[in-house]
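Just below is one structure, and these are the notes that go with it.
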Amino acid sequence: MGAGALENDIQFLPGAGPRRADLLKKELGVSTFGDLVRLYPYRYIDRSSVIRIADAVPDMAHIQIRAKVMSRELYGTAGPVFQDIPVLPGTGGETASGIGGTAQTAGQGNGDGSRQQEIRFNAVKRMKVTVSDGSGMMELVFFKGIKWIYGKLEPGKEFIFFGKPSVFNGRLNMVHPEVDNVQDYAVSTGTGIKAGFITAGTMTGVYASTEKLRNAGITGKLMNRLQAAALNAVLPDVRESLPEYILKEKKLVPIHFALRNIHFPADQESLAKARYRLKFEELFYLQLSLLKQKYIRSRNENGIMMPKVGEYFNLCYGALPFPLTGAQKRVIREIRDDMKSGHQMNRLLQGDVGSGKTMVAVLTSLIAAGNGYQACIMAPTEVLAQQHFKNISRYLAPTGVKVALLTGSSRTAERREIHAGLEDGSIGIIVGTHALLEDNVVFRNLGLAVIDEQHRFGVEQRSRLWQKSSCGRPPHVLVMTATPIPRTLAMTLYGDLDVSVIDELPPGRKPILTMHATESRRPALFKFMKEQIALGRQIFVVYPLIFESEKTDYKNLEMGFEQIVQAFPFPPYKTAIVHGKQSNEDKKFNMDAFAAGRANILVATSVIEVGVDVPNASVMVIESAERFGLSQLHQLRGRVGRGSEKSYCVLMTGHRISKESKHRIELMCATENGFELAEEDMKMRGPGDLEGTQQSGLPVNLNIASLARDGILLNEARQYAESVLKDDPTLSSDRNAILREELRKEKYRIRDYSKIS
Ligand code: ADP
Ligand code: MG
């Protein structure tokens, strides 16, 4: 039991090895024994009970039966190739005979060996096994590994079968059930964790998996075995991570019990206890870290003081082509109060797509400028930064404040000039991408950082920006996101951030008509697109680009582009395409062509277009819409409906889509309200899923608790964290030593947006 078993590389776990270890790292982020035991099952298969065949009904999830093999039938493509003579229930006899095909009668008893040689298993496509438990009969069907299973399932022998029941030709069957020997099943393993015997007779954990993992032989069974081995190795090194008094007060089970039972539950009750403890712990530490930061920040008086609104703000405000919405005004007031408070602002601005966040960013930047400070506005992509720059320049024209654009494709000479301007303070507002984070970018006195679509930025990148202010104090921070997180959730979740919401769209927006269509409707879709183009409108066609299947996605995009070009030939039609593999010049050229109205159609991947503003675009076609999450679909749809024309969103899907996809599509067709969709999304997938994805924008990575399902526990954990901090704000008492230590861990460090280092 070496002191560092927790840190052991996963490749040294029996059954893993270097190749699988590599995949576990890449696919699941599991590198060490310790990581593995913190990867919890997302569901369990309850194998603690056996039911009677007579009681089985087809819509049960998974069932387990204990039954005797009656007969086996083998089928080739041309029909049956072998059939046992059925064993009569209760006789235990084992006679068998071949009919047709290649199999011959092979005497009786253990004739299987010789018979197996006679059967040409290569020609066998399917095996049907009839089993009985006295209460009824069931058919088991196998398509793969038939030779081996055939050998195992000798007529007359009894096994435990585990699988999902269904109905075929009016008869109850199970396809590819798991097969276990009756004697293995008898080994109870709830507390013993004996590798090798953990599949039967108990509840089995099911872990997240991917196709790559499965292809590498990392099956559910192997995961169970790996977990058992890892647990045995690390448990002696796992120390209790909550103070004794908290375990007592909250009636929580010790960490060893929790870890053992989360992977190998002795029974339902132990599992519930294990779960409760781990969830509470996770939410408690999350809240404790957030509240502690907030506490520190509220005592911190070194925020940059910006007492006045300033002339620039007023000049811009007076020249706006439209009145601000009530929500915009309210949010600006909230921001303004922060900036003059003497505390550092740390604010999250949420607003649905098209709600006018850019305007808020501009006016906020001008407050900074009016107080003699610089501001930077960071966007996640080059295209977005360019567009921001264009719009912002327009708004700034009446103020005379100098604004510049810095991106990866800025030329060297230009770059040098911008660096100089930032250093000497002549540039008041800088718009840019990650390029702003490079070491040679130095500000004279950065007073405000606005981050648009924050989820695209890593935490590290953010903190690098804070270091750039040479005035020695942290800039005010405004993080803008269009991912609508339900307000109550945002408050709890972002604990140390203040939250502002723009909950009102600028007036005059016409509703977007959202429709669902399948491939057979494509001719009609193209006809509709042509009508819209004839009316002078422009059209987005978006393809999914998902990291895992990037290659095929790019192929689909190219094929889609070809198809469009054929259906919309030049002249008179012009189609532009934008995707991540193009050079920046090509991207810009194509984007500009579309934005300026020179192209009628823009074909793009989902990665590129977020935030692009082309008011004349009135149709958004989303291809393979079933592959997008709700919030992504909603973001994409928000690209149209910005002008005064009636707008449309067409969701193209395959004919057969999953129930969840169908539900998503229906919701999209039913409502345009981003917050409503976000709530639904959360209910459907749980924010646990949201967090894992890029679109989430959530700063936490919850392992076991779910913000959607564990709301009550979250509140409880927060209240408890508050009471702990109230008694001991710096957590310096002896009894809180464990808390102090835990919060020092990396994962609790990263949530402070205002962090300087
Ligand atoms: P988002 O919140 O998605 O970033 P934008 O800031 O891009 O939204 O604004 C969307 C569009 O609405 C822009 O064309 C912008 O000029 C316009 N807009 C912003 N505020 C108002 C307003 N108060 N009245 C009318 N139009 C507005
Ligand atoms: Mg925007």
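Hydrogens, waters and symmetry mates play no part in the numbers below; they use all other heavy atoms, side chains included. Start at 1 and go down the list; that is how both ligands and their atoms are numbered. No experiment lies behind these values; they were computed from the predicted model shown.
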Region of [X] that comes within reach of ligand 1 [heavy atoms, distance under 4.0 Å]:
X: M480; value: neither
X: L324; value: backbone
X: D452; value: neither

field: Residue list, side chain to side chain donor-acceptor pair (under 3.5 Å) with D338, at least two apart or on another chain
entry: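 Checked D338 against side chain to side chain donor-acceptor pair (under 3.5 Å); matches are R347.
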field: Residue list, side chain to side chain donor-acceptor pair (under 3.5 Å) with S661, at least two apart or on another chain
entry: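 Scan of S661 (side chain to side chain donor-acceptor pair (under 3.5 Å), adjacent residues dropped) gives S658, R664.
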message: With a 4.0 Å cut-off on N to O distance, would you call R415 and E438 a salt bridge?
response: yes
field: Ion pair E645/K510, N-O distance below 4.0 Å
entry: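 No, this pair does not count.
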Using a strict 4.0 Å cut-off to heavy atoms of [X], name the atoms of ligand 1 that fall inside it.
X: Q328; value: 19 (C), 20 (N), 22 (C), 23 (N)
X: Y395; value: 16 (O)
X: D352; value: 2 (O)
X: T325; value: 23 (N)

message: I want to know whether F528 and Y648 have ring centres closer than 6.0 Å.
response: yes
- prompt: Do Y543 and F561 make the cut of ring centroids closer than 6.0 angstrom?
  reply: no
With a 4.0 Å cut-off on heavy atoms, does [X] reach ligand 1?
X: N391; value: no
X: S355; value: yes
X: P323; value: yes

query: If hydrogens are left out, which of P506, P615, G638 has an atom nearest to atom 25 (C) of ligand 1, that is, the closest non-hydrogen atom?
result: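 Shortest heavy-atom distance from atom 25 (C) of ligand 1: P506.
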- prompt: Which residue from P507, G356, A361 reaches closest to atom 9 (O) of ligand 1 through any of its heavy atoms?
  reply: G356
- prompt: N616 and Q538: which non-hydrogen atoms are nearest, and at how many Å?
  reply: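 So the minimum-distance heavy-atom pair works out to ND2-OE1, 3.1 Å.
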task: Report yes or no: do S618 and Q532 form a side-chain donor-acceptor pair below 3.5 Å?
output: yes
- prompt: Does a side chain donor of either T433 or E382 reach within less than 3.5 Å of an acceptor in the other side chain?
  reply: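 Distance-only check fails for T433 and E382.
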message: Would M359 count as a polar contact of ligand 1, with the cut-off being nitrogen or oxygen pairs under 3.5 Å?
response: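 There is no such contact.
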